[in-house]
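This report refers to the structure that appears directly beneath it.
The structure displayed is predicted, hence computed values, not measured ones. Just so it is clear, the values below take in all heavy atoms, side chains as well, and ignore hydrogens, waters and symmetry mates. Every chain is numbered from 1, with letters handed out A, B, ... down the list of sequences.
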Protein chains: 2
Amino acid sequence: MEVLGGKWKLAIVKVLLTGTHRFAALQRALPTITPRMLTRQLRELESDRILRRTVYAEVPPRVEYDLTELGAGLAELVEWLDRWGREYRKVRA
Amino acid sequence: MEVLGGKWKLAIVKVLLTGTHRFAALQRALPTITPRMLTRQLRELESDRILRRTVYAEVPPRVEYDLTELGAGLAELVEWLDRWGREYRKVRA
DNA sequence: CCGTATCCGAAATGATACTG
DNA sequence: CAGTATCATTTCGGATACGG
(Lines give C-alpha, C1' and ligand atoms only; values in the text may rest on other atoms or scores of the structure.)
Protein backbone atom coordinates (compact mmCIF):
# COMPACT_ATOMS: atom_id res chain seq x y z
CA MET A 1 0.00 0.00 0.00
CA GLU A 2 2.93 2.32 0.50
CA VAL A 3 3.89 1.76 -3.11
CA LEU A 4 0.42 1.84 -4.63
CA GLY A 5 -1.55 4.06 -2.28
CA GLY A 6 -2.95 7.47 -3.01
CA LYS A 7 -5.39 8.82 -5.50
CA TRP A 8 -3.51 8.40 -8.74
CA LYS A 9 -0.92 5.63 -8.74
CA LEU A 10 -3.16 2.71 -9.53
CA ALA A 11 -4.90 4.76 -12.19
CA ILE A 12 -1.57 5.51 -13.82
CA VAL A 13 -0.57 1.86 -13.70
CA LYS A 14 -3.86 0.93 -15.27
CA VAL A 15 -3.26 3.29 -18.16
CA LEU A 16 0.26 2.01 -18.67
CA LEU A 17 -0.99 -1.56 -18.73
CA THR A 18 -2.41 -0.66 -22.14
CA GLY A 19 1.03 0.32 -23.40
CA THR A 20 3.74 2.96 -23.36
CA HIS A 21 2.53 6.53 -22.92
CA ARG A 22 4.03 9.99 -23.13
CA PHE A 23 3.41 12.68 -20.53
CA ALA A 24 0.74 14.46 -22.53
CA ALA A 25 -0.96 11.15 -23.33
CA LEU A 26 -1.18 10.34 -19.64
CA GLN A 27 -2.68 13.75 -19.03
CA ARG A 28 -5.31 13.03 -21.66
CA ALA A 29 -6.04 9.63 -20.12
CA LEU A 30 -6.40 11.24 -16.67
CA PRO A 31 -8.12 14.50 -17.51
CA THR A 32 -8.38 15.88 -14.00
CA ILE A 33 -4.80 15.35 -12.85
CA THR A 34 -2.62 18.44 -12.64
CA PRO A 35 0.86 18.36 -14.21
CA ARG A 36 2.37 18.75 -10.76
CA MET A 37 0.62 15.66 -9.41
CA LEU A 38 1.32 13.65 -12.53
CA THR A 39 5.02 14.45 -12.30
CA ARG A 40 5.17 13.58 -8.62
CA GLN A 41 3.36 10.29 -8.96
CA LEU A 42 5.45 9.29 -11.97
CA ARG A 43 8.67 10.02 -10.14
CA GLU A 44 7.61 8.04 -7.11
CA LEU A 45 6.53 5.09 -9.22
CA GLU A 46 9.83 5.30 -11.05
CA SER A 47 11.78 5.36 -7.81
CA ASP A 48 9.77 2.33 -6.67
CA ARG A 49 10.63 0.62 -9.96
CA ILE A 50 7.05 0.21 -11.07
CA LEU A 51 7.68 2.12 -14.26
CA ARG A 52 10.52 3.35 -16.43
CA ARG A 53 11.05 6.87 -17.69
CA THR A 54 12.83 7.20 -21.02
CA VAL A 55 13.99 10.57 -22.27
CA TYR A 56 14.76 11.04 -25.95
CA ALA A 57 17.15 13.87 -26.74
CA GLU A 58 15.03 15.39 -29.44
CA VAL A 59 13.45 18.71 -30.23
CA PRO A 60 10.68 18.92 -29.27
CA PRO A 61 11.41 16.75 -26.22
CA ARG A 62 9.92 13.29 -25.97
CA VAL A 63 9.58 11.33 -22.74
CA GLU A 64 8.04 7.90 -22.58
CA TYR A 65 6.72 5.96 -19.62
CA ASP A 66 6.23 2.23 -19.53
CA LEU A 67 5.87 -0.44 -16.87
CA THR A 68 8.76 -2.52 -15.63
CA GLU A 69 8.23 -6.25 -15.20
CA LEU A 70 7.51 -5.49 -11.56
CA GLY A 71 4.83 -3.03 -12.60
CA ALA A 72 3.44 -5.33 -15.26
CA GLY A 73 3.02 -7.91 -12.51
CA LEU A 74 0.26 -5.72 -11.14
CA ALA A 75 -2.04 -6.52 -14.04
CA GLU A 76 -3.89 -9.24 -12.17
CA LEU A 77 -4.19 -7.10 -9.08
CA VAL A 78 -5.72 -4.25 -11.05
CA GLU A 79 -8.19 -6.63 -12.65
CA TRP A 80 -8.99 -8.05 -9.27
CA LEU A 81 -9.60 -4.64 -7.77
CA ASP A 82 -11.75 -3.65 -10.74
CA ARG A 83 -13.89 -6.73 -10.25
CA TRP A 84 -14.18 -6.23 -6.52
CA GLY A 85 -14.99 -2.55 -7.01
CA ARG A 86 -17.84 -3.39 -9.35
CA GLU A 87 -19.19 -6.00 -6.97
CA TYR A 88 -18.81 -3.50 -4.13
CA ARG A 89 -20.83 -0.84 -5.91
CA LYS A 90 -23.51 -3.38 -6.71
CA VAL A 91 -23.84 -4.53 -3.10
CA ARG A 92 -23.65 -1.02 -1.69
CA ALA A 93 -26.17 0.41 -4.14
CA MET B 1 -8.85 2.41 -3.00
CA GLU B 2 -11.22 4.82 -1.30
CA VAL B 3 -12.55 1.96 0.79
CA LEU B 4 -9.28 0.19 1.48
CA GLY B 5 -6.74 3.00 1.33
CA GLY B 6 -4.72 4.37 4.19
CA LYS B 7 -2.22 2.93 6.53
CA TRP B 8 -4.34 0.56 8.55
CA LYS B 9 -7.45 -0.71 6.82
CA LEU B 10 -5.96 -3.60 4.92
CA ALA B 11 -4.01 -4.64 7.98
CA ILE B 12 -7.21 -4.72 10.01
CA VAL B 13 -8.96 -6.75 7.35
CA LYS B 14 -6.07 -9.18 7.31
CA VAL B 15 -6.34 -9.73 11.03
CA LEU B 16 -10.10 -10.23 10.84
CA LEU B 17 -9.63 -12.79 8.07
CA THR B 18 -8.30 -15.03 10.82
CA GLY B 19 -11.52 -14.70 12.78
CA THR B 20 -13.57 -12.46 15.04
CA HIS B 21 -11.60 -10.10 17.25
CA ARG B 22 -12.31 -7.79 20.14
CA PHE B 23 -10.96 -4.25 20.34
CA ALA B 24 -8.09 -5.13 22.64
CA ALA B 25 -7.21 -8.15 20.52
CA LEU B 26 -6.93 -5.95 17.45
CA GLN B 27 -4.69 -3.63 19.39
CA ARG B 28 -2.46 -6.53 20.28
CA ALA B 29 -2.37 -7.69 16.66
CA LEU B 30 -1.44 -4.16 15.52
CA PRO B 31 0.89 -3.06 18.28
CA THR B 32 1.66 0.42 16.93
CA ILE B 33 -1.88 1.63 16.24
CA THR B 34 -3.32 4.14 18.67
CA PRO B 35 -6.81 3.56 20.06
CA ARG B 36 -7.95 6.71 18.31
CA MET B 37 -6.87 5.44 14.90
CA LEU B 38 -8.19 1.96 15.54
CA THR B 39 -11.60 3.34 16.42
CA ARG B 40 -11.70 5.58 13.37
CA GLN B 41 -10.67 2.90 10.92
CA LEU B 42 -13.10 0.41 12.40
CA ARG B 43 -15.98 2.86 12.14
CA GLU B 44 -15.16 3.65 8.53
CA LEU B 45 -14.86 -0.02 7.60
CA GLU B 46 -18.18 -0.62 9.34
CA SER B 47 -19.83 2.21 7.47
CA ASP B 48 -18.44 0.76 4.23
CA ARG B 49 -19.89 -2.63 5.22
CA ILE B 50 -16.55 -4.38 5.26
CA LEU B 51 -16.98 -5.44 8.85
CA ARG B 52 -19.63 -5.72 11.53
CA ARG B 53 -19.47 -4.33 15.06
CA THR B 54 -21.36 -6.27 17.69
CA VAL B 55 -21.85 -4.85 21.18
CA TYR B 56 -22.76 -7.17 24.03
CA ALA B 57 -24.51 -5.50 26.96
CA GLU B 58 -22.28 -6.97 29.62
CA VAL B 59 -20.03 -5.80 32.38
CA PRO B 60 -17.21 -5.50 31.59
CA PRO B 61 -18.22 -4.41 28.07
CA ARG B 62 -17.52 -6.69 25.14
CA VAL B 63 -17.42 -5.57 21.52
CA GLU B 64 -16.64 -7.92 18.69
CA TYR B 65 -15.56 -7.18 15.14
CA ASP B 66 -15.90 -9.58 12.24
CA LEU B 67 -15.94 -9.35 8.48
CA THR B 68 -19.11 -9.19 6.44
CA GLU B 69 -19.36 -11.33 3.32
CA LEU B 70 -18.23 -8.27 1.40
CA GLY B 71 -15.17 -8.02 3.61
CA ALA B 72 -14.51 -11.73 3.49
CA GLY B 73 -14.45 -11.41 -0.29
CA LEU B 74 -11.19 -9.54 0.14
CA ALA B 75 -9.34 -12.68 1.19
CA GLU B 76 -7.95 -13.39 -2.26
CA LEU B 77 -6.97 -9.78 -2.75
CA VAL B 78 -5.08 -9.72 0.52
CA GLU B 79 -3.27 -12.91 -0.40
CA TRP B 80 -2.44 -11.46 -3.77
CA LEU B 81 -1.05 -8.29 -2.26
CA ASP B 82 0.97 -10.29 0.24
CA ARG B 83 2.53 -12.30 -2.55
CA TRP B 84 3.25 -9.24 -4.64
CA GLY B 85 4.68 -7.43 -1.64
CA ARG B 86 7.08 -10.29 -0.96
CA GLU B 87 8.14 -10.39 -4.58
CA TYR B 88 8.52 -6.63 -4.49
CA ARG B 89 10.81 -6.70 -1.48
CA LYS B 90 12.87 -9.42 -3.08
CA VAL B 91 13.34 -7.51 -6.31
CA ARG B 92 13.96 -4.22 -4.57
CA ALA B 93 16.47 -5.67 -2.11
C1' DC C 1 6.34 19.31 -24.99
C1' DC C 2 7.35 18.38 -20.48
C1' DG C 3 7.60 19.78 -16.90
C1' DT C 4 8.89 23.38 -12.05
C1' DA C 5 7.89 26.82 -8.37
C1' DT C 6 5.10 28.63 -4.97
C1' DC C 7 1.37 28.75 -2.11
C1' DC C 8 -2.61 26.95 0.05
C1' DG C 9 -6.36 24.24 2.47
C1' DA C 10 -7.82 19.80 3.78
C1' DA C 11 -7.11 15.30 5.37
C1' DA C 12 -4.51 11.72 7.63
C1' DT C 13 -1.92 10.27 11.43
C1' DG C 14 0.06 10.53 15.93
C1' DA C 15 0.92 11.78 21.24
C1' DT C 16 -1.06 12.14 25.38
C1' DA C 17 -4.40 12.19 28.73
C1' DC C 18 -8.78 10.88 30.33
C1' DT C 19 -13.65 8.15 31.08
C1' DG C 20 -18.33 5.28 31.57
C1' DC D 1 -12.71 -3.03 28.35
C1' DA D 2 -13.48 -0.06 24.90
C1' DG D 3 -13.19 3.68 23.78
C1' DT D 4 -13.07 9.94 23.73
C1' DA D 5 -11.02 14.50 23.83
C1' DT D 6 -7.60 17.62 22.66
C1' DC D 7 -3.67 19.17 20.38
C1' DA D 8 0.13 18.96 17.15
C1' DT D 9 2.47 17.34 13.10
C1' DT D 10 2.81 15.43 8.63
C1' DT D 11 1.27 14.30 4.26
C1' DC D 12 -1.75 14.81 0.33
C1' DG D 13 -3.73 17.06 -3.24
C1' DG D 14 -4.96 21.11 -5.83
C1' DA D 15 -4.65 26.07 -8.03
C1' DT D 16 -2.02 28.98 -10.48
C1' DA D 17 1.76 30.70 -12.83
C1' DC D 18 5.99 30.16 -15.17
C1' DG D 19 10.32 28.10 -17.90
C1' DG D 20 14.01 25.37 -20.94
**Report entry** Within residues 52-64 of chain A: residues closer than 4.0 Å to DNA chain C (heavy atoms)
**Finding:** A:R53, A:P61, A:R62, A:V63
Query raised in the report: Is the closest basic N to carboxylate O distance between A:R62 and A:E64 below 4.0 Å?
Result: yes
Query - N/O donor-acceptor pair, side chain A:R36 with base D:dG14, under 3.5 angstrom - result: yes
Query - Atom pair CG (A:L67) and OG1 (A:T20), whose distance is rounded to the nearest 0.5 Å - result: 8.0 Å
Query raised in the report: Between B:T32 and B:E44, which has a closest nucleotide on DNA chain C that is more 5'?
Result: B:E44
Query raised in the report: Between D:dC1 and B:Y65, is there an OP1 or OP2 to side-chain N/O distance shorter than 4.0 Å?
Result: no
Requested in this report: Considering only heavy atoms of chain B and a distance under 4.0 Å, specify the first and last nucleotide of DNA chain C in 5' to 3' order that meet this criterion.
Outcome: C:dT13 to C:dG20
Query - Touch class at under 4.0 angstrom, heavy-atom based, for A:T39 against every strand present - result: base
Report summary line: Comparing A:M37 with B:F23, nearest DNA chain D nucleotide closer to 5' gives the residue B:F23
Query - Distance, rounded to the nearest Å, where A:L38 contributes CG and D:dG14 contributes P - result: 12 Å
Query - Test: B:D66 and B:R53 ion pair at under 4.0 Å - result: no
Query raised in the report: Is B:K7 near enough to D:dT11 that one of its side-chain N or O atoms lies under 4.0 angstrom from OP1 or OP2?
Result: no
**Report entry** Rounded distance in Å - CD1 (A:I12) to P (D:dG13)
**Finding:** 11 Å
**Report entry** Interatomic distance, B:R43 CZ vs D:dG3 C1' [rounded to whole Å]
**Finding:** 8 Å
Report task. Might you point out which heavy atoms bring A:L42 and A:Y65 nearest each other, and give the distance in Å? Result -> CD1-CZ, 3.6 Å
Anything under 3.5 Å between a donor and an acceptor, one on a side chain of residues 6-17 of chain B, the other on a protein residue two or more places apart or in another chain? List them.
residue, atom, partner, partner atom, Å
B:K9, NZ, B:E44, OE1, 2.6
B:K14, NZ, B:D82, OD1, 3.3
B:K14, NZ, B:D82, OD2, 3.0

Query raised in the report: Should B:Y56 and B:V59 be counted in the same cluster of Ile, Leu, Val, Met, Phe, Trp and Tyr side chains packed under 4.5 Å apart?
Result: no
Report task. Report the distance from atom CD of B:E46 to atom P of D:dA2, rounded to the nearest whole Å. Result -> 15 Å
Query - Exceeds 12 heavy-atom contacts within 6.0 angstrom, atom CZ of B:R92 - result: yes
Query raised in the report: Can you check whether B:R22 has a side-chain N or O nearer than 4.0 Å to OP1 or OP2 of D:dA2?
Result: yes
Query - Pair B:E87 + B:R83, salt bridge at N-O below 4.0 Å - result: no
Query - Validation row: A:Q41, A:R36 side chains within 4.5 angstrom (heavy atoms) - result: no
Query raised in the report: If you look at every strand shown and take non-hydrogen atoms under 4.0 Å, does B:Q41 touch a base, only sugar-phosphate, or nothing?
Result: sugar-phosphate
